[in-house]
There are 2 protein chains.
Amino acid sequence: MEDGTSAPPGHSGVTTPRGDLFNPACPTRQLLDRIGTKWVAMIVKTLAESGELRYAELKRRTPGISAKMLAQTLRGLENDHLVVRRVEPTVPPAVSYSLTPLGQSLDQPLAALRDWAETHMPEINRAARP
Amino acid sequence: MEDGTSAPPGHSGVTTPRGDLFNPACPTRQLLDRIGTKWVAMIVKTLAESGELRYAELKRRTPGISAKMLAQTLRGLENDHLVVRRVEPTVPPAVSYSLTPLGQSLDQPLAALRDWAETHMPEINRAARP
DNA sequence: CGGGATCCCCAATGATACTG
DNA sequence: CAGTATCATTGGGGATCCCG
């Protein structure tokens, strides 16, 4: 998987210069798929509004999500440095999640997308097709 | 666009008022999942920039997509009234796709998301995890 | 309480072949 | 050229059990 796109001259070009969405080898694609899901949209919004929430509370505020998906999604967001996990060493343990500054910056474009979806939903109103 | 933000009177209240992303029964969720994919992001961008393109050309400009996925994705966009399909009755037939005004309006929030992904890719740089 | 491990099933996706 | 139909594969995601 050589990234022969536009490696900066004189720079050890292992890193991708910038996001080239159209380069199949570019992780930007996968990133987009990761942050484009409904779960991410919901969780980021919830955290953006509430600041910090515990696992159970987050689950309660995300109707329909399974425990597995929540944990999995949170892990992904953590790996991408969009969310920070804070553990309180009590018994039983209490774990809280909140957005990093980067995560907060993501909320803006995501909000635009959410808003678009909510706004234009009526006129799209896909008539359920099998 | 004066869809009432409330369910139609006299109708079984199954319908969702407006975008309530947090209502599991709301199609806004599914919509979000549909427009959040990388293929949609790429195709919408390409069409937004080029105006109208034929199937083969669109495929050429979307590296990595299969014929099936392209057709499928275009169908979805068509069903959502984001893309229009124009057929010229020649032999062999020529089919072109372009964005509807609604589709063009989607390009804006999507562009924000693409831009965010491309911009912050470097600092995320998820260290490949097996 | 938070979440890792496991099993299992269906839907999404790719590859190939065929048609209007 | 622009798809559709069919088949095979996979892995996403729910349910369940268990552990720190």
Side-chain angles (χ1 to χ4, degrees), chain A residues 1 24-25 29-43 46-47 50 52-80 83-98 126 128-130, chain B residues 24-25 27 29-43 46-47 50 52-80 83-98 126 128-130:
Chain A
M1 40 190 70
R29 280 194 178 186
Q30 305 178 4
L31 177 60
L32 227 183
D33 266 353
R34 264 178 271 145
I35 64 180
T37 73
K38 61 170 175 269
W39 299 132
V40 169
M42 293 174 70
I43 292 175
T46 302
L47 288 179
S50 299
E52 188 184 53
L53 292 173
R54 296 184 52 178
Y55 181 87
E57 178 62 21
L58 209 40
K59 183 169 189 303
R60 222 170 304 127
R61 296 209 198 184
T62 313
I65 200 172
S66 67
K68 181 182 182 179
M69 273 312 294
L70 179 56
Q72 192 174 298
T73 305
L74 287 173
R75 281 270 199 96
L77 293 174
E78 221 188 323
N79 284 331
D80 286 337
V83 158
V84 275
R85 183 187 161 175
R86 208 193 82 217
V87 184
E88 288 186 73
T90 58
V91 238
V95 183
S96 296
Y97 297 87
S98 57
R126 161 187 286 226
R129 73 105 187 236
Chain B
R29 279 194 178 186
Q30 305 178 4
L31 177 59
L32 227 184
D33 266 354
R34 263 179 272 144
I35 65 181
T37 73
K38 59 171 177 271
W39 298 132
V40 169
M42 294 175 69
I43 291 175
T46 302
L47 287 179
S50 299
E52 189 184 53
L53 292 173
R54 297 183 52 177
Y55 180 87
E57 178 62 22
L58 208 41
K59 183 169 189 302
R60 224 169 299 129
R61 297 210 198 183
T62 313
I65 200 173
S66 68
K68 184 180 181 177
M69 274 312 294
L70 179 56
Q72 193 173 301
T73 304
L74 286 173
R75 284 258 172 162
L77 293 174
E78 221 188 322
N79 284 332
D80 285 337
V83 158
V84 275
R85 183 185 168 196
R86 209 192 82 218
V87 184
E88 289 187 72
T90 58
V91 230
V95 183
S96 295
Y97 296 88
S98 58
R126 163 186 284 225
R129 70 107 191 228

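For the numbers below, each heavy atom of this structure counts, side chains included, while hydrogens, waters and symmetry mates do not. Chain naming here is simple, since letters A, B, ... match the order of the sequence lines and numbering starts at 1 in each.
Put simply, CG on B:Leu77 is 13 Å from P on D:dG3, counting in whole angstrom units. Residue B:Leu58 contributes atom CG, which lies 14 Å from atom C1' of D:dC1 at whole-angstrom precision. With rounding to whole Å, B:Lys59 atom NZ is found 10 Å from C:dG14 atom P. Atom NZ in B:Lys38 sits about 8 Å away from atom P in C:dT13, given to the nearest Å. Rounded to whole Å, the distance from CE on B:Met69 to P on D:dT10 is 18 Å. Counting to the nearest Å, the C1' atom of C:dA12 and the CZ atom of B:Arg34 are 15 Å from each other. Regarding A:Leu70, its CG atom lies at a distance of 10 Å from the P atom of C:dG2, rounded to whole Å. Look at CD on B:Gln30: it is 14 Å from C1' on C:dA11, rounded to the nearest Å.
Which of C:dG3, D:dT6, C:dT6 sits closest to the side chain of B:Lys68 comes down to D:dT6. Closest to the side chain of B:Val95, from the set D:dA2, C:dG14, D:dT4, is D:dA2. The B:Pro92 side chain lies nearest to D:dC1 when the options are D:dG3, C:dG14, D:dC1. Here the side chain of B:Arg75 is nearest to one of D:dT4, C:dG3, D:dG3, namely D:dT4. For B:Ala71, counting side-chain heavy atoms from C-beta on, the closest listed nucleotide (C:dG14, D:dC1, D:dG3) is D:dG3. For B:Tyr97, counting side-chain heavy atoms from C-beta on, the closest listed nucleotide (C:dG14, D:dA2, D:dG3) is D:dG3.
Side-chain N/O atoms of B:Arg85 include none lying less than 4.0 angstrom from OP1 or OP2 on D:dA2. Residue B:Arg54 places no side-chain N or O under 4.0 Å from the OP1 or OP2 atom of D:dC1.
Here CH2 of A:Trp39 is found 8.5 Å from CG of B:Asp33. Values are rounded to the nearest 0.5 Å.
Projected onto DNA chain D by closest heavy-atom contact, A:Ser66 and B:Tyr55 fall at different nucleotides, the more 5' of which corresponds to B:Tyr55. Across the interface with DNA chain C, nearest-nucleotide mapping of A:Ala67 and B:Pro93 shows A:Ala67 to be the residue nearer the 5′ end.
Of the charged side-chain nitrogens involved, at least one lies within less than 4.0 Å of a carboxylate oxygen, so that A:Glu57 and A:Arg60 count as a salt-bridged pair.
A donor-acceptor pair under 3.5 Å links the side-chain atoms of A:Thr90 to the main chain of A:Pro92, judged by distance alone.
Between B:Leu77 and B:Leu47 there is no side-chain heavy-atom pair separated by less than 4.5 Å.
When each of B:Thr37, B:Leu70, B:Leu53 is checked for a side chain to side chain contact (heavy atoms under 4.5 Å, CB included) with B:Ile43, only B:Leu70 meets the rule.
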